[in-house]
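Reminder, nothing fancy here: chain letters follow the sequence lines and each chain counts from 1. Keep in mind that the numbers below use all heavy atoms, side chains included, and drop hydrogens, waters and symmetry copies.
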Amino acid sequence: MQNEQEFDPIKSIEKKYDTLEQKPSYLDVLNPEQYQAVVHEGKSLLILAGAGSGKTRVITTKIAYLIGQKNVNPRSILAVTFTKKAADEMRERAVALEPLAADAQIRTFHSFGAYFLRVNAEAAGVDPNFTVYDDDDSVTLLSKAVVGLTKGQSSKYAHKISLAKDYCLLPDDPETADLDSDPEFPGIYRAYEKRLRETGNCDFGDLIMLPYLALKNNPNLRARTQRRFQVIMVDEYQDSNTAQFKLLQALSGAEEGSGTYVCVVGDDDQSIYKFRGAEIKNILTFKDKFPGTDIIRLERNYRSTEEILRVADSVVSNNGGRLGKNLRSERGKGKKPVLAFLQNQEQEAEFTGDLIEETHKMGVPYSDWAVLYRMNAQSLEFESEFLHRKIPYEIVGSLKFYEREEIKDLLSYLSLIANPRDEIAFRRIVNKPARGIGLTSQEKIIDAAREAFAAGEETSITEKMREIIPDFSKKAREGGETFLQAFDAVQGLLKTADSSGSDTAKLSELVEAISEKSGLLEYHKDQDEISGTQRAANMQELANSAVLYPCTREGLLEFLDHIELDRTLEKTDSTDETDRVTLITLHNTKGLEFPRVVITGMELGVFPRQDKTGGDLEEERRLFYVGITRAQNELYFTSCSQRRMYGRNEYSTPSPFLLEMGQDNVKIIGHKPSSFMGGGFHGGDFGGMGLSNPDLNADPLMKKYSRGAKIYHDDYGYGIITSGHVSDEGEYVVTIRFENGGIKRFLPKYQEGALMVVKD
DNA sequence: CCCGTCGTTATTTTT
DNA sequence: TAACGACGGG
């Protein structure tokens with residue numbers, strides 16, 4: 001005993017040095033700002049992370065540090081991102097630094113919402129077995145909820161409803177009426193909500209809005225939740241919407257002095273999703289909403305060369321209302337970006353192909369290259385050029401696996417098993433393959449089921465169908481029996497909750513059984529023969545992806561969540577070639593980087609789009625900024641003097657953004673258009689307001705009578721300019737569609753007296 | 001219920 | 001231009 005006591009102080013000292021020794025090396029690799037951000041505590045924190053400044057490293061290190069060094073319970077950490085990919089990467093990297101991080105909630109906003117709703121289903125007033133309707137399903141549901149809408153109207157209103165939810169607006173909120181000029185809109189929204197609740201399902205917007213409302217209306221739940229989450233981090237905060245902001249506020253209890261530590265990370269210069277409801281003001285005013293916020297700027301860029309960042313900065317400094325940042329490259333000077341003026345899109349594709357081929361001969365892999373464009377339609381020219389030249393490429397984002405017909409069919413069976421009130425899923429599969437159960441029969445079944453649900457009956461759509469089917473015609477009756485038999489059979493494969501762990505049935509078996517017994521596999525195989533598609537293979541692919549899930553109700557819900565909340569992945573291509581050029585829209589490049597980047601279609605009307613002014617133009621500019629800052633080593637811009645759009649060959653003006661890059665910051669090749677001669681360059685001195693393109697001002701007629709302008713003609717009445725182009729004779733020609741239906745072309749030059757622009 | 005034809009309409013889209 | 005939806009006939 002005596003001895004032991006003598007050893008004690010030594011032990012204690014030893015321990016201290018042991019601990020110092022164990023100071024995790026992950027802190028050593030941080031730069032001073034990153035380190036500050038990681039060890040920051042107490043107040044709220046806004047990390048302004050410039051492109052390529054290592055923000056993921058900061059977030060993941062912070063999670064590891066909190067758990068490993070500050071003894072924060074991993075379960076009390078919530079980190080949200082916007083994409084599944086980002087969430088997966090974040091979790092993986094955090095766990096690599098600190099294995100206990102596996103217990104932290106690292107999720108997308110929507111997957112967190114789904115999780116929250118399932119756990120708190122009762123408080124939130126939702127069915128715990130809900131599945132998630134995607135945008136297509138919402139459109140279908142709306143068309144059933146409001147009779148007499150055309151398909152176009154349904155998708156328009158469904159889109160508006162989704163926007164309303166992004167802004168956290170309910171049908172009765174006065175602002176809701178402002179979202180659409182149609183005074184019926186709030187009523188349409190209300191009808192949609194009613195029908196959606198009847199199905200027991202949620203749409204994407206619900207996954208954010210309903211958790212927020214549940215917290216708002218339920219103090220106990222709020223207190224419990226705030227106790228649970230001590231640390232909340234949000235990535236890509238510049239693209240959060242109003243509902244997400246409100247949810248963050250409610251979760252953190254910032255207004256109630258909960259003591260939750262909130263850390264948001266983002267870059268106001270990269271906010272590009274306003275059209276989806278993103279509110280850049282969330283990041284601009286964060287410090288006001290979370291008083292006492294500290295701001296840390298990460299301005300060291302490890303991705304791009306100086307020359308590239310110079311162009312990026314020169315462009316984005318044309319925007320007003322920025323938080324401000326000064327990105328510095330840690331990569332050295334590098335090569336000056338190249339701006340190529342070309343004649344048309346064929347030449348644009350050829351030029352790009354040349355670049356890729358020439359460098360490939362020198363040993364540059366294809367995968368170094370990314371070709372960026374504003375619209376998906378622009379990929380076509382590159383595809384044919386690359387196909388022709390045998391340059392391997394991959395188009396990112398166009399293949400939407402989970403939106404394929406055959407996949408949605410299978411998923412509908414799964415959804416209906418999960419939630420027997422899922423009207424949309426039922427309608428999708430009951431008559432596929434054709435069984436003689438047309439729209440009328442479907443209506444009868446759904447109406448009966450809805451009535452039963454309203455009366456509080458514990459039943460399902462298929463049970464109701466079984467009840468009323470004897471009244472149907474022979475054909476419909478027999479077809480219905482076939483469907484019910486198949487459905488019962490596959491539903492029976494789902495193991496009930498009491499079966500124990502010894503049971504190894506996999507969900508993939510259920511998917512395969514559905515394919516077979518529903519007749520869908522056969523049906524789609526036939527379609528394959530006809531259209532040469534890959535549907536049968538895709539169906540198998542879906543089954544394969546279900547192999548990791550148990551064939552239980554829990555496994556099923558988990559699988560469906562996984563799929564609904566991660567629709568981007570799964571671009572399994574049959575070729576195993578990995579060295580490929582990437583073709584991608586500018587929006588889709590967020591978070592990515594490439595050694596060599598070509599930004600194409602730098603023309604007014606394409607990028608930026610012509611109808612963009614003011615704040616919208618600033619967002620286009622940020623999109624341009626995002627594109628530029630993807631490049632590590634080499635950057636190219638292409639601009640065509642002529643472009644075929646909507647079947648018409650139009651002359652085009654260079655993008656005003658090109659003027660903003662600064663003449664000396666790029667190497668210009670090709671035939672410089674007139675607007676680029678003689679000191680036409682002013683980069684960065686417009687304060688970012690409106691269009692400052694000298695070329696537009698050069699021809700006042702083109703500006704006055706631009707596409708989209710509403711006009712009044714003395715002889716023909718009101719109309720809208722559908723297009724404007726410069727003819728071969730060099731004269732500006734506009735095409736006008738008049739309200740009476742007529743389409744006429746004019747030379748505005750000669751119509752000054754008769755043709756006037758009207759405000760709308 | 002399937003197929004052809006005509007007319008309309010063209011962003012971006014994390015979930 | 002091209003792709004997709006609406007509509008009508010077999």
Compare the minimum distances between each of [options] and the side chain of [X], then state the nucleotide with the smallest one.
X: A/A434; options: B/dT15, B/dT12, B/dC2; value: B/dC2
X: A/L565; options: B/dT12, B/dT15, B/dT14; value: B/dT15
X: A/M375; options: B/dT13, B/dT12, B/dT15; value: B/dT12
X: A/F204; options: B/dT15, B/dC1, B/dT14; value: B/dT15
X: A/N431; options: B/dT15, B/dC1, B/dT14; value: B/dC1

N or O in side chain of A/N376 less than 4.0 angstrom from B/dA10 OP1/OP2: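 False: A/N376 side-chain N/O out of range (4.0 Å or more) of B/dA10 OP1/OP2.
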
Short side-chain N/O contact from A/N588 to OP1 or OP2 of B/dT12, under 4.0 Å: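 The answer is no; no side-chain N or O of A/N588 sits under 4.0 Å from OP1 or OP2.
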
Sequence-distant partners of A/E385, side chain to side chain contact (heavy atoms under 4.5 Å, CB included), two or more places apart: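 Here the qualifying residues are A/A349, A/E350, A/R389.
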
Sugar-phosphate, base or nothing in reach of A/F109, heavy atoms under 4.0 Å: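 A/F109: no heavy atom of the nucleic acid under 4.0 Å.
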
Separation of atom [atom1] in [X] from atom [atom2] in [N], rounded to whole Å:
X: A/K590; N: B/dT14; atom1: NZ; atom2: P; result: 11 Å
X: A/M645; N: B/dT9; atom1: CE; atom2: C1'; result: 13 Å
X: A/D239; N: B/dT14; atom1: CG; atom2: P; result: 12 Å
X: A/L583; N: B/dT12; atom1: CG; atom2: P; result: 15 Å
X: A/I584; N: B/dT13; atom1: CD1; atom2: C1'; result: 13 Å
X: A/F130; N: B/dT15; atom1: CZ; atom2: C1'; result: 13 Å
X: A/K274; N: B/dT11; atom1: NZ; atom2: P; result: 19 Å
X: A/R609; N: B/dT13; atom1: CZ; atom2: P; result: 12 Å

Between C/dG5 and B/dT12 - C1' atom distance, rounded Å: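 B/dT12 and C/dG5 have their C1' atoms separated by 23 Å.
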
Summary of salt bridge (charged side-chain N to carboxylate O under 4.0 Å, His left out) pairs that have at least one residue in residues 146-159 of chain A, sequence neighbours excluded: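 The answer is A/K156-A/D180.
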
Output side-chain donor-acceptor pairs under 3.5 Å for residues 473-481 of chain A, partner residues at least two apart or in another chain, one line each.
{"residue": "A/S473", "atom": "OG", "partner": "A/A476", "partner atom": "N", "Å": "3.4"}
{"residue": "A/R477", "atom": "NH1", "partner": "A/F472", "partner atom": "O", "Å": "3.1"}

Geometric class of the A/F382/A/F386 ring pair [parallel <30°, tilted 30-60°, perpendicular >60°]: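 Ring orientation of A/F386 relative to A/F382: tilted.
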
Closest-nucleotide ordering on DNA chain B, the 5'-leading residue of A/G205 and A/L623: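 Closest to the 5' end, via its nearest nucleotide, is A/L623.
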
Pairwise 5' ranking along DNA chain B for A/A377 and A/H110, keeping only the more 5' one: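 Whichever sits nearer the 5' end wins; that is A/A377.
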
Results of ring pair (Phe, Tyr, Trp, His ring centres under 6.0 Å) for A/F657 - residues two or more places apart only: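 Per chain and number, A/F657 pairs via ring pair (Phe, Tyr, Trp, His ring centres under 6.0 Å) with A/F607, A/F624.
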
First and last nucleotide of DNA chain C, 5' to 3', lying under 4.0 Å from heavy atoms of chain A: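 In short, chain A contacts DNA chain C from C/dT1 to C/dA6.
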
Centroid under 5.5 Å and tilt under 30°, A/F82 to B/dT15: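 Here the ring of A/F82 and the base of B/dT15 are not stacked, as the 5.5 Å and 30° limits are not both satisfied.
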
CA sep, side-chain torsions, deciding dist, call: A/E89, A/K84, salt bridge (Lys or Arg N to Asp or Glu O under 4.0 Å): CA-CA 8 Å; A/E89 188 192 347; A/K84 183 72 170 9; over 6 Å; no

Intermediate values then yes/no, salt bridge (Lys or Arg N to Asp or Glu O under 4.0 Å), A/D137 and A/K408: CA-CA 10 Å; A/D137 299 330; A/K408 289 216 73 165; 2.8 Å; yes

Sequence neighbours excluded, every pair satisfying side-chain hydrogen bond (donor to acceptor under 3.5 Å, both in side chains) that has a member inside residues 435-444 of chain A: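 Output for this query lists A/R427-A/E443.
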
